[in-house]
Number of protein chains: 2
Amino acid sequence: MLVPVTLAHVAQEAGVSPSTVSRILNGTANVTPEKRARVEAVIARLNFKPNPQAQALANGRSLTIGVITPSLNSTFYGEALAGVEAVLNDTPYHPLVISGQWRPEREQEALDVLLLRRVDAVILMGGILDDAILERVAQRVPLVALGRDVRGLSERCVVMDNRLGMRAIVHHLLHLGHRDFAFIGGAERQQDAVERRESAVATLHGAGVTIPNALLESGEYTEDGGREAAGRLLATGLPFTALICANDQMALGARLTLYRHGLRVPEDVSLTGFDDVITSSLMTPPLTTVRQAIYDMGEVAARAALSLLRGEGVSMQVFTPELIVRESTHPPAGVRRAAAPSEVRR
Amino acid sequence: MLVPVTLAHVAQEAGVSPSTVSRILNGTANVTPEKRARVEAVIARLNFKPNPQAQALANGRSLTIGVITPSLNSTFYGEALAGVEAVLNDTPYHPLVISGQWRPEREQEALDVLLLRRVDAVILMGGILDDAILERVAQRVPLVALGRDVRGLSERCVVMDNRLGMRAIVHHLLHLGHRDFAFIGGAERQQDAVERRESAVATLHGAGVTIPNALLESGEYTEDGGREAAGRLLATGLPFTALICANDQMALGARLTLYRHGLRVPEDVSLTGFDDVITSSLMTPPLTTVRQAIYDMGEVAARAALSLLRGEGVSMQVFTPELIVRESTHPPAGVRRAAAPSEVRR
DNA sequence: ATGAAAGCGCTAACAC
DNA sequence: GTGTTAGCGCTTTCAT
């Protein structure tokens, strides 16, 4: 394998023309069984593998699927990536992953690189690039989005119902008897952050509860974002017995701030997250949250990309969130807990 | 950009031959300033970008660096990946990431794919592939390893001094007054797991302390691994005031088990980790651990790969671990804490 | 200094 | 069915 064996070698060795070998490789045409056997024997003996770059140049497909993830070191998107990889593993395709860092320029660059490298399809996770741009890209290359709904491309989007999930959380807390809420949302340039906040506020409103503006905080979808936002909430001096965070990472950060202020979870404050990343079940106490089947969403996105590639259609996938009740939520002090309907405990 | 513009277009438009354009692109030879200017203008106007696949086919370099990571959804290796990506960002190279899942066959496959795709260099993170295999691969393509020391390839390995780090942890605990230890190590097929365990045992031994065999547990380097191992430790009924874990993820899992058993950290049990992943500073209580500058290691690995690519040499990089004392460690009950020398608190 | 021409390894349209 | 012949888009001798 020091001098890589080429298709031409195989052809010569088997006494056939290069095209025949190519045909056998691609199943492009019928070949006499005996010739096929002969060629396949040589391929096996020489351990020949076609050069993907040459194939790409010749037939325009690179066997590569571009993936844009907001961040390579994110538990959440890491799971999705793993799902994508698992699906592509059974195919000749490989993912080419680039991170966008939640910055439009970086995302644009990532997209440019992927197109330049002639990826056969693109999977976009999250991100904040304009819908209009994406729509344009989608005309050049099969595109599927994960975790965001692109206007005009809805049937290519793998999303979860954020509103439904947040509603479940809020109902759970209301059921426990909470009336004094605080909320930490994500940066509102991201669609899901908006949806989660709106849903929380609306659901509470429906129950006759209003969150004071000062207790409606937001920040980056990160541990630090949550930590800092929680600090600002406590600084207001306003009372609350339940703190709703727009994702688990923020909840993790907020939990540290509560700890620093000597507030116990759940005795003093009930805390909730969103996503159910792996660490959430390991927090002390384990976090009540809403599960996004993010690994599965990655798988679905990859399958959708493959379908588009084959020219088949795909249909929108909306994942239903699942409320996961753990120990970070309790009735507020002085309230006896009433069993909530249809909740899952793990 | 619908019909991609090629080098030939540029040549024609500028009234020169393709070779001239190529030369300008690669700085391969001298070209009259005026011609160069003319061509560059056309390149800019047409927004021409050379097709990487064609370049790869023609000159044998793919501008791609293969990265094998044990897992795409790992906080630890995710950080390293981010470091690699950050460095490559300023170069024409791009990472092609494949995960090995801690399984030799998968790693081997990943390696095969990368070589087939003609990556210009390979960065191997962790992994359990035989040193012999890697040595062979290293003859075909520039290879650098991260987080493991490959026999015969030491100068291409970016590692941290595991023994030193573990020694710091143990000394810290000894200093606090602990005498009754338990230990949870990683799977010993991994080098660093062996080093960390040996160092812990040896350092304790040096202080006249022995861990009973039953309190010397091990498991996968994961949250679940730590959770389960801690369960087995507690099941022995043997007393211990300090629990040393071979990495942060295990410590996180162990922490949950302690919580479940009603044991407080650090009042009842002091707990330590290794790596200082992001979540460790957010645990309740924040975890005492040893910092691996894993992001930096990723950067260094990427730079080393680039150096090898240019035919320059590289030299071994050993990172020095840094003890990070947080709130998960305390003197054991009844012992007054003595200030430990040279420790960092954050 | 620059153009012509021959590949890089493969695929595909075209003959036979 | 199968071989011949052009490319795919770029690089790189080899001339001039």
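This one's a predicted model, so the numbers in the text were calculated from it and none came from an experiment. Letters go in sequence order (proteins before strands), and every chain restarts at 1.
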Would a distance-only check, ignoring hydrogens and angles, find a side-chain to backbone donor-acceptor pair under 3.5 Å from A/Asp120 to A/Ser62? yes
Whole angstrom is fine here: how far is it from CG in B/Leu7 over to P in C/dA5? 17 Å
Please list, chain by chain and in numerical order, all residues satisfying side-chain contact (heavy atoms from CB on, under 4.5 Å) with A/Asn89, sequence neighbours excluded. B/Arg106
Main chain of B/Leu116, side chain of B/Arg118: is a donor-acceptor contact present, judged purely on distance under 3.5 Å? yes
Between A/Arg118 (CZ) and C/dC10 (P), how many Å, whole number? 20 Å
Are B/Lys35 and C/dG3 close enough that a side-chain N or O sits under 4.0 Å from OP1 or OP2? yes
When you check the side-chain N and O atoms of A/Thr20 and A/Ser17, is any donor under 3.5 Å from an acceptor? yes
Segment of DNA chain D, first to last nucleotide, that comes within the 4.0 Å heavy-atom reach of chain A: D/dG1 to D/dG9
Could you pull out all residues at least two apart from B/Gln139 that satisfy side-chain hydrogen bond (donor to acceptor under 3.5 Å, both in side chains)? none
Among C/dG3, C/dG9, C/dA1, which nucleotide has an atom closest to any side-chain atom of B/Asn30? C/dA1
Measure CG/A/Asn59 against C1'/C/dT11 and give the value in whole Å, please. 7 Å
Compute the angle between the rotation axes at the two ends of the helix from C/dA1-D/dT16 to C/dC16-D/dG1, each taken over five pairs, rounded to 10 degrees. 40°
For A/Glu34, enumerate each residue passing the side-chain hydrogen bond (donor to acceptor under 3.5 Å, both in side chains) test, keeping only those at least two apart in sequence or located in another chain. none
Distance check, rounded to the nearest 0.5 Å: A/Phe48 atom CZ versus A/Leu25 atom CG? 5.5 Å
Interface with DNA chain D, restricted to residues 19-28 of chain B and to heavy atoms under 4.0 Å: B/Ser19, B/Ser22, B/Arg23, B/Asn26
Could you check how far CG of A/Asn51 sits from C1' of C/dG9, rounded to whole Å? 6 Å
